[in-house]
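What you are looking at is a predicted structure, and each value in this text was computed from that prediction instead of being measured. Every heavy atom of this structure was used, including side-chain atoms; hydrogens, water molecules and symmetry mates were not.
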There are 2 protein chains.
Amino acid sequence: MNAVPEEVLRARAYLSRVAEPPAPGLAELVAEIGPVRAAERVRRGELGERAAAETSARRSVERAEADLRAAAAAGVRLLTPEHPDWPAAPLADLAACGVGDLAPPVALWVRGPGHLAALCARAAGVVGARAATAYGLHVAGEFGAGLAGTGHTVVSGAAIGIDGAAHRGALGVAGPTVAVLACGADRAYPAAHQGLLARIAETGLVVSEYPPGSVPARHRFLVRNRLIAGLSAATVVVEAGLRSGATRTATDAATLGRPVLAVPGPVTSGVSAGCHRLVRDGAVLVTRVEEVLEELGPIGAHLAADPPGARLALDALDPVGRLVHDALPAREAREVGWLAREAGVPVGAVRVALVDLERRGMVDHRDGRWQLRPQHLRAGG
Amino acid sequence: MNAVPEEVLRARAYLSRVAEPPAPGLAELVAEIGPVRAAERVRRGELGERAAAETSARRSVERAEADLRAAAAAGVRLLTPEHPDWPAAPLADLAACGVGDLAPPVALWVRGPGHLAALCARAAGVVGARAATAYGLHVAGEFGAGLAGTGHTVVSGAAIGIDGAAHRGALGVAGPTVAVLACGADRAYPAAHQGLLARIAETGLVVSEYPPGSVPARHRFLVRNRLIAGLSAATVVVEAGLRSGATRTATDAATLGRPVLAVPGPVTSGVSAGCHRLVRDGAVLVTRVEEVLEELGPIGAHLAADPPGARLALDALDPVGRLVHDALPAREAREVGWLAREAGVPVGAVRVALVDLERRGMVDHRDGRWQLRPQHLRAGG
């Protein structure tokens, strides 16, 4: 199931612990020379100024194998950009926006059966205040259920209040939901949400960029918020104080060029003040799930064209695999003979390449015809 | 105090009853040839198609003098565009927008000590649902008090619900407020607001374009709303259903190019649905009086440049009066000698002209210096 070489996994596991996110210098280095060489360079301290500063404190911490073992014991696996489940397109904007605070994660530790790329192909963040009102909890539950009921993944932070209500709304209709944590994916935080996190891990996915056992340090909640924004096509703020984590998530979403939606409430309610401020600053006011769906647009419409992550996956192909991949049209299924002609590759070699592409999760086949998986759709040819 | 010739008053009183507002054909005719000649033409039926259609049913109803007497008996006076209290600049957009449904009134019947032009120099409409919630009533009262407390006139429709709360908020801080009725200004409608209307008439102004005794026919509420929008620099909708009178007032304000502001509320509240729709359509979301004040801008900023009504007032001046008026700079007070030189008119004639201009309410003097009244400020020279 996991086609990523052990060497790459171990390098990413090491890198995942060696720098406190966000680590833009490290992210850039990895994008440039790949995880294995990047890990070697970090260990040797042969780094530019920024990456050196990010990694100097922990570069001798060699816990990759221990972390992978601890993760496995807790049902957590390490998802890396080399894996077909990696949400490359949704996260592409984190690197592309050029804002260091929004640097992409070097890997994600995930718990649950969900395929993250597929879950993020149509996903909305639903976030808000811990000290929510009964009104806010009601709306968050309705939105969670309404989004999940129409096949959209509800991404949130599993916090008490709005986050929890949104997850529960999704679970209530047996819909997809993803919790992004500010601590290790093996931990149950907040403790009161141990049951909720267990339920999410049964059908959806619990996600964290922090290695197993990491504590929910205060600053990690804000850092984590960029991943909620990044994994979501749009972010809905249900209730939020003026300066709150949820408005920070909204700011991150706006920086990434994603729509920010806000639910109004009484002007006399402090936890609606952040939502009203967002609307006054340009967020879209939403009152019903249908209005959220309008902003989400057609499935996958938010995915960046030819994102870096997708390119990484293509770079891993051999030349024939690449030719066959590029021959597949954007939205149609084709037979092997047609692909052989189009790619200029013998039929036998096309068959071998297609099996490899399928193993990598990049193509599907049905009735003897092959097509690209949605998250691998290219724009512009 | 009232410098308008009897002949003009009687003509306007006749015209005020001869057509059911809005009467764009009649408004155009009066603007073209003046009220006295227009009244003659209406009586004789010498009219274009549109004005004829508007006036044919009632052109033989000769009740001008009776109406003026009945009005006087009820403490109501007829305010016409020839009077300095006429809010020419605020109402200029009604004619200028070219939308027949928003045609300007031919005259206004007013009850109370207020000077309408002065009251409208800094005025905000505060409107909303009859079936308001306790929340809406609270916000309307706060906004009414906050606006009136900063010297802004609260314009509304005296209806049960939001309107009443806005008026009461203004009265509570002894601030200025104007009620625009859909029936005669001598009537107390709604009956439950007899006391409220009496209080408004004591310090502010009760206004109607309908002659004394007119009943509050259903369609008149929507027609009346254009005057609330027209007399206000901006219109605030506090609570409103999706298709309501208040959202109609907001639409009128938008058509007139005036800011539309809306107060959010719970998405579960039907009487906030109209407000949310307005925000989604481009209205400014406001949560506090300060945010309303921001949209109102500096005093008089909303007044149209050189509006038709102001021109009417100037047309009534004799040539020397016009020269002296035009010599007065926009925002400075000047001595008679300076004005004589600037206007090229002997000092004695300037003094006579200034007394006339003061009588017309177009200039003020203090410490031997004269200046234009704010509502007579010209733009562009």
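Residues of residues 267-279 of chain B lying within less than 4.5 angstrom of chain A, judged on heavy atoms, are B/Val267, B/Thr268, B/His276, B/Arg277, B/Val279 in numerical order. Near-neighbour residues of residues 235-256 of chain B relative to chain A, defined by a heavy atom under 4.5 Å from a heavy atom of that chain, are none.
The two residues A/Arg280 and B/Val284 have their closest heavy-atom pair at NH1-CG1, 3.7 Å.
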